[in-house]
S.K.: 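Can you keep this structure in mind? I'll have questions shortly.
These numbers come from the heavy atoms of this one structure, side chains and all, not from hydrogens, waters or symmetry mates. On a predicted model such as this, the values are computed, not experimentally measured, just so you know. In what follows, chains carry the letters A, B, and so on, assigned in the order in which the sequence lines appear, proteins first and then strands, with residues in each chain numbered from 1.
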Number of protein chains: 2
Amino acid sequence: MREIRAGLADVARRAGVSPATASRVLSGSGPASAASRAAVLAAAGQLGYQPHPVARRLARGTGTRVVFAVRDDRADILLDPFVTRATAAMAAALDPYDIGVSLRRIGLECAADLEDLAADRGLAAVVLAGHDRALLSCLPSGLRGRTAAIGAGGADVDSAAGVGALLTHLYAAGRRRIALVAGPSWLASSAPPVAVYTELTRAAEMPTRVVRGDFTSDKGRTAARAILDRWPDTDAIASVSDATALGVLQTLADAGVRVPDDVAVTGFDDIPLAGAAHPALSTATHPVEQIAAAAARAALGEAAPIALFPSTPVFRATA
Amino acid sequence: MREIRAGLADVARRAGVSPATASRVLSGSGPASAASRAAVLAAAGQLGYQPHPVARRLARGTGTRVVFAVRDDRADILLDPFVTRATAAMAAALDPYDIGVSLRRIGLECAADLEDLAADRGLAAVVLAGHDRALLSCLPSGLRGRTAAIGAGGADVDSAAGVGALLTHLYAAGRRRIALVAGPSWLASSAPPVAVYTELTRAAEMPTRVVRGDFTSDKGRTAARAILDRWPDTDAIASVSDATALGVLQTLADAGVRVPDDVAVTGFDDIPLAGAAHPALSTATHPVEQIAAAAARAALGEAAPIALFPSTPVFRATA
DNA sequence: CTGTTAGCGCTTTCAC
DNA sequence: GTGAAAGCGCTAACAG
């Protein structure tokens with residue numbers, strides 16, 4: 001263990017090559033003869049050489065962090081379990097790349113926010129969530145090629161399949177008057193679940209019962225109340241968010257409605273505590289960590305920008 | 001909007017001073033006459049100058065990211081809601097500093113891991129969680145002065161007060177045979193709750209009933225089972241974690257034990273969904289986001305290293 | 001395939 | 001108080 005950390009120059013000297021050559025083999029780019037490659041690698045090993053990430057990034061002109069920009073109108077969106085999970089997953093996934101992650105909310109009207117992001121030379125890439133269809137196609141030029149999205153058009157969960165499976169299960173269990181607590185209409189990812197729901201409901205020749213939610217449990221409470229008032233004979237409530245479903249569960253319990261006997265309930269996402277709720281929530285489970293990591297890597301150009309991840313139904317007590 | 005971003009040299013030229021002077025006023029350090037300060041500021045404003053964070057960090061020799069190192073023996077600790085919340089909070093709090101955060105687990109035996117951290121020149125600071133008493137006092141020298149802790153000895157929640165308030169409430173409600181699901185014994189932060197519990201139990205002249213947990217809901221399930229078996233007349237179970245309390249709740253429900261009629265239950269932390277559980281969990285609420293942000297700023301030397309945050313009991317349905 | 005020569009953009013001694 | 005100059009540690013043209 002040396003007191004002074006070894007630099008590239010030390011490695012090069014020891015290997016008997018120029019710094020440029022050492023750089024080429026150590027950074028993996030550029031040609032190098034087998035001989036010098038071996039010499040450099042050996043020298044680096046002996047000296048315990050660790051490249052200086054900041055110097056490297058400055059020379060390359062690439063940034064050192066990824067910002068996770070969450071587009072939403074609620075100020076507390078950054079406390080949302082999905083957001084915190086995704087953030088942590090990225091922070092863990094990018095650690096080996098020597099890249100840190102920052103979390104920031106941007107408003108629904110976010111042109112200026114995106115310009116800010118594009119102007120920040122410290123940024124390696126940005127991961128965007130909460131976008132609508134239009135947003136991805138009109139990113140500032142400085143962000144093109146180094147932006148990835150979580151949700152529709154990016155690393156996404158196959159929500160159509162997941163919600164479809166849940167609804168099919170409800171129908172198979174004899175439920176017919178199924179209501180849906182959907183996502184906000186400005187969000188691109190809200191569409192597919194509504195589409196499957198509509199399709200299946202039409203196929204069953206039943207009228208659709210859709211209420212808009214926002215992924216919070218508060219909204220789940222009010223939505224359930226609205227559904228109970230408006231369509232008292234509802235026998236199942238599907239939500240596109242577990243938090244919302246837990247809110248629904250609460251309202252139903254307070255109203256003396258038995259779950260699942262009177263009304264079945266399903267969530268979406270399988271947050272860590274969905275199974276710990278009582279009655280345990282039936283929902284669809286998603287590899288949120290993988291999705292977030294995929295988006296982060298995609299933003300860095302290390303993975304495909306578009307990927308669909310499975311949504312697997314998990315049936316517990318509520319449906 | 002210029003195509004080429006303005007650099008320090010541009011600002012200096014426009015202000016009619018040397019780059020050195022411009023640097024002094026813009027970076028806030030070093031002397032500068034009122035006149036040149038004004039000129040530089042004006043020029044910077046007109047040019048829309050934004051310092052290059054990476055170049056700045058390289059020149060200063062400081063790193064560009066903070067790693068949140070969570071010490072635990074469970075591989076899935078990084079999925080823990082507390083960890084994800086804290087990570088996200090830091091990622092949001094450090095965004096304005098142009099510093100990203102990375103998340104990494106380190107083992108209980110973590111000397112080597114800490115050396116790795118100390119050797120990484122890309123790191124601005126590290127935030128440590130899951131430490132025991134000894135760890136903080138024997139950090140590698142390269143980490144001293146740029147490490148902060150979450151939990152005992154760092155930015156901590158006043159768990160003694162919080163658990164004390166919860167237990168006092170239980171006693172006031174007539175509970176007497178109270179069991180505690182504590183934290184793991186290797187963790188420094190596990191001690192205070194056990195201490196208050198022991199003290200209050202002794203004062204009530206009752207025997208202590210302590211089971212060790214690990215903050216998971218799985219452990220809550222097994223702990224509840226153990227308590228029911230060993231001390232069947234238990235009339236209250238206090239946990240130092242909400243996830244654990246939810247596990248307790250599940251086991252009690254499965255065993256046909258009514259909550260809170262037969263057994264009262266309390267948690268700790270007030271995770272976002274504690275209130276959405278049914279019956280809604282009584283617990284103590286903590287400013288986790290503030291705690292994490294304080295630790296992160298402390299690590300960067302921007303805040304006091306030690307701070308105690310309030311633990312406020314919130315009584316819902318289970319106690 | 002390799003070495004030389006410039007930078008990347010900012011900070012910081014060190015004289016003046 | 002200010003400027004000139006020397007880096008921070010590495011990468012990337014460009015010749016050879």
S.K.: Under 4.0 Å from a heavy atom of chain A: give me the 5'-most and 3'-most nucleotides of DNA chain D that qualify.
M.R.: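 Footprint of chain A along DNA chain D, 5' to 3': dG9(D) to dA13(D).
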
S.K.: OP1, OP2 of dT12(C) versus side-chain N and O of R24(B): anything below 4.0 Å?
M.R.: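 So the side chain of R24(B) is outside the cut-off, no N or O lying under 4.0 Å from OP1 or OP2 of dT12(C).
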
S.K.: Checking S36(B) side chain against A32(B) main chain: does a donor-acceptor pair fall under 3.5 Å?
M.R.: no

S.K.: Using whole Å, what does the distance between atom C1' of nucleotide dT11(C) and atom CG of L58(A) come to?
M.R.: 12 Å

S.K.: Backbone N or O of G7(B) within a donor-acceptor pair of the H52(B) side chain at under 3.5 Å?
M.R.: no

S.K.: How far apart are the C-alpha atoms of D132(A) and R71(A), what are their side-chain angles, what is the distance that settles it, and do they pass the salt bridge (Lys or Arg N to Asp or Glu O under 4.0 Å) test?
M.R.: CA-CA 9 Å; D132(A) 55 25; R71(A) 178 166 168 270; 3.4 Å; yes

S.K.: Look at all strands and tell whether A20(A) reaches a base, only sugar-phosphate, or nothing, counting heavy atoms closer than 4.0 Å.
M.R.: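 Base, at least one base atom sits under 4.0 Å.
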
S.K.: Does a side-chain N or O of S33(A) approach OP1 or OP2 of dT2(C) to a distance below 4.0 Å, or not?
M.R.: yes

S.K.: 5'-most contact on DNA chain D: V17(B) or G7(A), nearest heavy atom basis?
M.R.: V17(B)

S.K.: Could you check which of dT11(C), dG9(C), dT12(C) has an atom nearest any side-chain atom of S29(B)?
M.R.: dT12(C)

S.K.: Quick one: are V54(A) and V54(B) in side-chain contact, heavy atoms under 4.5 Å?
M.R.: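 Side chain of V54(A) against side chain of V54(B), heavy atoms only: contact under 4.5 Å found.
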
S.K.: Considering just the side-chain nitrogens and oxygens of S23(B), establish if one lies under 4.0 Å of OP1 or OP2 belonging to dT12(C).
M.R.: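 Result: no.
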
S.K.: Closer than 4.0 Å, any side-chain N/O of S18(A) to the OP1 or OP2 of dT4(C)?
M.R.: no

S.K.: Out of dG7(C), dT2(C), dT11(C), which has the shortest distance to the side chain of P31(A)?
M.R.: dT2(C)

S.K.: Could you give me the CA-CA distance, side-chain angles and deciding distance for R65(B) and D120(B), then say whether salt bridge (Lys or Arg N to Asp or Glu O under 4.0 Å) is met?
M.R.: CA-CA 10 Å; R65(B) 59 181 184 136; D120(B) 187 336; 3.1 Å; yes

